[in-house]
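Read the structure below first, then the notes.
Indexing begins at 1, ligand by ligand and atom by atom, following the structure's order.
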Amino acid sequence: MNYISTRNKSEKCSGAEAIVNGLAPDGGLYVPESLPRLTKEDFINLAKEDYPSRAARVLSLLLSDYTYEELLDYTTKAYSRFYGDDPCPLVNIDEGVYVLELWHGPTCAFKDMALTMLPHLLSAARKKVGEKDKTLIMVATSGDTGKAALEGFKDVEGTNIIVFYPSKGVSDMQKLQMKTQTGDNVCVCAIEGNFDDTQNAVKNIFADKKINEEIHAGGFKLSSANSINWGRLAPQIAYYVSAYCDLLDEGRIEYGDKVNFCVPSGNFGNILAAYYAMKMGVGVNRLICASNVNHVLTDFFRTGVYDINRDFHKTISPSMDILISSNLERLLFEISGRDDKLTAERMKALKTEGKYSVSAKELEALQSLFSVGYADDEETKETIAYSMDEYGYLMDTHTAVAYGVYCDYVDESADETPTVVVSTANAYKFPADVYEAVSGNRVDDAFEATEKLCEETGEEVPEPLKGLKERPVRFEEVIDRSRIADKVVEYCRQASNR
Ligand SMILES: *Cc1c(COP(=O)(O)O)cnc(C)c1O
């Protein structure tokens, strides 16, 4: 199984190379040359297996330069770090409505599903391609990726990790999780600006020859743990297959039945994994893409025009406060009939004019599969309160965006297809807003809000978020985004002298 770039499909590489490189040399994203299919028998067998086995099987089809045994070793290690019996339980909250909880990992957000796996995939990939340089993982985060990547990569041999986050664009809890990160190979730095500024600055470093040479002189090669890395996407495909297997195993559906997946979206990585899972054989009726008021994606799927020339809003679902959804490039590539030239042109237009559009035929293809919607902060809080009152189910702000959009979708379509609402974070990651939603009272301090939320709902605080207050702060630096490159080079020097 080879990988090609969305901007140049004649260049091929192995899965291991795609993971080591992160981004293709032409700036495009790696995609599989063709997608493997799971058979009916595969699904029937997988339905009886546990999560690490299911994930290893899915990954072995996608990454043919890794053996199944090797992958099973990694999935077993990665998902043993999750709390509870099942790393991603499917909870039935209402007739035909299921919540897929992807936040039982070390940082309580869905990013853990992939970022506990990526270090294993990457370390093995480095050996497979004969990489001698150390790997410097560079991450731009809107909050959850950073912490999950830091936890995944801390003290992993042959790697260092540097994380940049927008100083005012993440929740207090997220910030504290990162500032208190342990490990000898980690660095965390806040940026003045929003997530798009931060992500753009980081992307520019990947493309900058001169800076890459300086980094190389320090004995490092850059790689990415952002969701553009195929090593992030592949493990995400597994939980869609697994959710379908759970529904089969519980007798809720039969093989071949279709389900909807409703996904709170930002960078478009999570929902894109659902799309690939469908291509691999999961029965899908609609993919419902949910946004907050930064609803570039909603507009795109409705009009065929992707346009970032608009105001950026800070919301209570900060991990979705994104205008440039990087992973959409992979979907564009697919729906254009894998036209690499056209995809490259569109990405160039996005960079220079902040917009591009797709053809009527492409738009039709998109609309035949994707439904869309968005929720503002008020609606999101109402949804959290509704879910608590109606089902006794506590949702975080991101999950509530998805559930709210799903409710609107059902009102409009009367669609009765079983639906999996993807839950991307534990409610205690956003305690102030969730507490306000369920109680009507505002408490700004994250720790006080945590206590109150616990009293109000009786819902337990997850293990990884306990005791955060007592941990020492290690990283307090805030820099201008123009200084990101200097910071990276400086960190390489320090790290290589150690
Ligand atoms: C990252 C994140 C999202 C958005 O996922 P994408 O893959 O970027 O679309 C949604 N919710 C939470 C809690 C997240 O951390």
Aromatic ring pairing [X]/[Y], orientation class (parallel under 30°, perpendicular over 60°, tilted between):
X: F268; Y: F370; result: tilted
X: Y66; Y: Y74; result: perpendicular
X: Y240; Y: F261; result: perpendicular

Can you produce the list of protein nitrogen or oxygen atoms under 3.5 Å from a nitrogen or oxygen of ligand 1, alongside each distance?
from     : atom 1 : to   : atom 2 : distance (Å)
ligand 1 : 7 (O)  : G269 : N      : 3.2
ligand 1 : 7 (O)  : N270 : N      : 2.8
ligand 1 : 8 (O)  : N267 : N      : 2.7
ligand 1 : 9 (O)  : G266 : N      : 2.7
ligand 1 : 9 (O)  : N267 : N      : 3.2
ligand 1 : 9 (O)  : F268 : N      : 2.9
ligand 1 : 11 (N) : T424 : OG1    : 2.8
ligand 1 : 15 (O) : K111 : NZ     : 2.6
ligand 1 : 15 (O) : D144 : OD2    : 2.5

Out of K429, H398, K111, which one pairs with D144 under the side chain to side chain donor-acceptor pair (under 3.5 Å) rule?
-> K429
Please name all residues satisfying salt bridge (charged side-chain N to carboxylate O under 4.0 Å, His left out) with E463, sequence neighbours left out, ordered by chain then number.
-> K466
Of all heavy-atom pairs between M178 and F475, which one has the smallest distance, and what is that distance?
-> O-CD1, 4.1 Å
